[in-house]
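To start, the structure itself, in structure tokens.
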Amino acid sequence: MTSQLNKDNLPEHIAIIMDGNGRWAKAKNRPRLFGHNAGMKTMKKIVRASSDAGIKIITMYAFSTENWKRSPEEVDGLMNIAVEYFHKEVGELHQNNVKINVIGDLDGLGKKVREAAVKAMATTAENTGLVLNIALNYGGRAEILQAVKLLIAQGIAPEALTEAQISEHLYTKNQPDPDLLIRTGGESRLSNFMLWQMAYSEFIFTDIYWPDFEVASYYQMIENYQRRNRRYGSTE
Ligand code: FPP
């Protein structure tokens, strides 16, 4: 689908919580991993639609620091999906000038997925199109904590510490904060996602399960965002 979106006032950065894979699979009497595989296909579709629409950055929440609490089978399956994504998709993404940026604690990931992520980032490092942040082993509080630790280790004086310095020590350094957060799957919460960066983001929640999420709905949400009046605490 070619984007018919008005190019004025496009969100520069969209963050997405891809929720509902498990319930989508359950409704079909299939295993949870069937849902995650379907979710990966939706992710491919939405990344392409974002490039087409001229979005500059999207951040997709693929695996949180809390997701290790799931069954070993599901965790392994999700890691395998991530490896598959990096291996199979990087060619097309590279062709489309997409720059992959994995955010999260890479050191806490298994070797296979870490190496696949590092390779995908290296291959696409010079690309100038859509920036695709994939949050893997990501936690918002942990991200802020490591930023503060780095600043303390650099010997920063408390009175010299600024919000900008914290932003510059997050995984998203040099990127604008998300303008729009989309969460599928019916829950209305942040689940430890980009807590610092989303201070002024616009939120859209939908009951649609992630595997059923369509490009048409995505573009409607962007249009919804374009009609909003962001005031950042002021009155106009
Ligand atoms: C939340 O649904 C989804 C996840 C925890 C994983 C999201 C992963 C993908 C969409 C594909 C992975 C792609 C890469 C590159 C790793 P849920 O399982 O919490 O669903 P539920 O709330 O219905 O149980």
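For ligands, and for the atoms within them, numbers begin at 1 and follow the listed sequence. Starting from 1, each residue takes its place in the sequence as its number. All values below come from the heavy atoms of this structure, side chains included, with hydrogens, waters and symmetry mates left out.
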Query raised in the report: What are the two closest non-hydrogen atoms of T206 and M221, and how far apart are they?
Result: CG2-CE, 3.5 Å

Requested in this report: Taking all non-hydrogen atoms of both residues into account, name the closest pair between H13 and P176 and its distance.
Outcome: ND1-O, 2.8 Å

Query raised in the report: Under 4.0 angstrom from ligand 1, any heavy atom of R32?
Result: yes

Query - For atom 16 (C) of ligand 1, the protein heavy atom that lies nearest, with its residue and separation - result: A82 CB, 3.5 Å

Query raised in the report: Any N or O of W210 that comes nearer than 3.5 Å to an N or O of ligand 1?
Result: no

Query raised in the report: So, K45 and E214, do they make that salt bridge, N to O below 4.0 Å?
Result: yes

Report summary line: for atom 4 (C) of ligand 1, nearest protein heavy atom and its distance come out as H36 CE1, 3.9 Å

Query raised in the report: Parallel, tilted or perpendicular: which fits the ring planes of Y61 and Y138, with parallel below 30° and perpendicular above 60°?
Result: perpendicular

Query raised in the report: Touching ligand 1 at all, G20? Heavy atoms, strictly under 4.0 Å?
Result: yes

Report task. Answer yes or no: is there an ion pair linking R48 with E92, defined by an N-O contact shorter than 4.0 Å? Result -> yes

Query raised in the report: For ligand 1, which atoms have a heavy atom of R23 less than 4.0 angstrom away?
Result: 21 (P), 22 (O), 23 (O), 24 (O)

Report summary line: Looking only at protein heavy atoms, what sits closest to atom 7 (C) of ligand 1 is A62 O, 3.5 Å

Query - Closest non-hydrogen atom pair between G35 and A25, with its separation - result: N-CB, 3.7 Å

Requested in this report: Check each heavy atom of K26 against ligand 1 and say whether those closer than 4.0 Å belong to the side chain, the backbone, both or neither.
Outcome: neither

Report summary line: Counting from 1 in the order shown, the ligand 1 atoms closer than 4.0 Å to a non-hydrogen atom of G22 are 17 (P), 18 (O), 20 (O), 21 (P), 23 (O), 24 (O)

Report task. Measure the distance from atom 1 (C) of ligand 1 to every protein heavy atom, then report the residue, atom name and distance (to 0.1 Å) of the closest one. Result -> M18 O, 3.3 Å

Query raised in the report: Taking the side chain from E115 and the backbone from K112, do they hold a donor-acceptor pair closer than 3.5 Å?
Result: no

Report task. Taking all non-hydrogen atoms of both residues into account, name the closest pair between H94 and N127 and its distance. Result -> ND1-ND2, 2.9 Å

Query - For D19, atoms of ligand 1 separated by under 4.0 Å from a heavy atom - result: 1 (C), 2 (O), 17 (P), 19 (O), 20 (O), 21 (P), 22 (O)

Report summary line: Check: of V47, N21, V102, min heavy-atom distance to atom 9 (C) of ligand 1 comes from N21

Query raised in the report: How far apart are the closest heavy atoms of Q226 and N6, and which atoms are they?
Result: NE2-O, 2.7 Å

Query raised in the report: Which residue holds the protein heavy atom closest to atom 12 (C) of ligand 1, what is that atom called, and what is the gap in Å?
Result: I81 CG2, 3.9 Å

Query raised in the report: Does R70 reach ligand 1, in the sense of a heavy atom lying below 4.0 Å from it?
Result: yes

Query - Expected output: side-chain S50 to main-chain I46 donor-acceptor under 3.5 Å - result: yes

Report summary line: A student checking ligand 1 against M43 at a 4.0 Å heavy-atom cut-off should list atoms 13 (C), 15 (C)

Report task. With heavy atoms only and a cut-off of under 4.0 Å, state how N67 meets ligand 1: side chain, backbone, both or neither. Result -> side chain

Report summary line: Within 4.0 Å of some non-hydrogen atom of G39, the atoms of ligand 1 are 10 (C)

Requested in this report: Check whether more than 12 heavy atoms from other residues, nucleotides or ligands sit under 6.0 Å from atom CZ of R141, and answer yes or no.
Outcome: no

Query raised in the report: Is the shortest distance from a Lys or Arg side-chain nitrogen in E168 or K173 to a carboxylate oxygen in the other one below 4.0 Å?
Result: no

Requested in this report: Would you check the N or O atoms of W24, main chain and side chain alike, for any that come under 3.5 Å of an N or O of ligand 1?
Outcome: no

Report summary line: Y85 heavy atoms within 4.0 Å reach ligand 1 at atoms 15 (C)

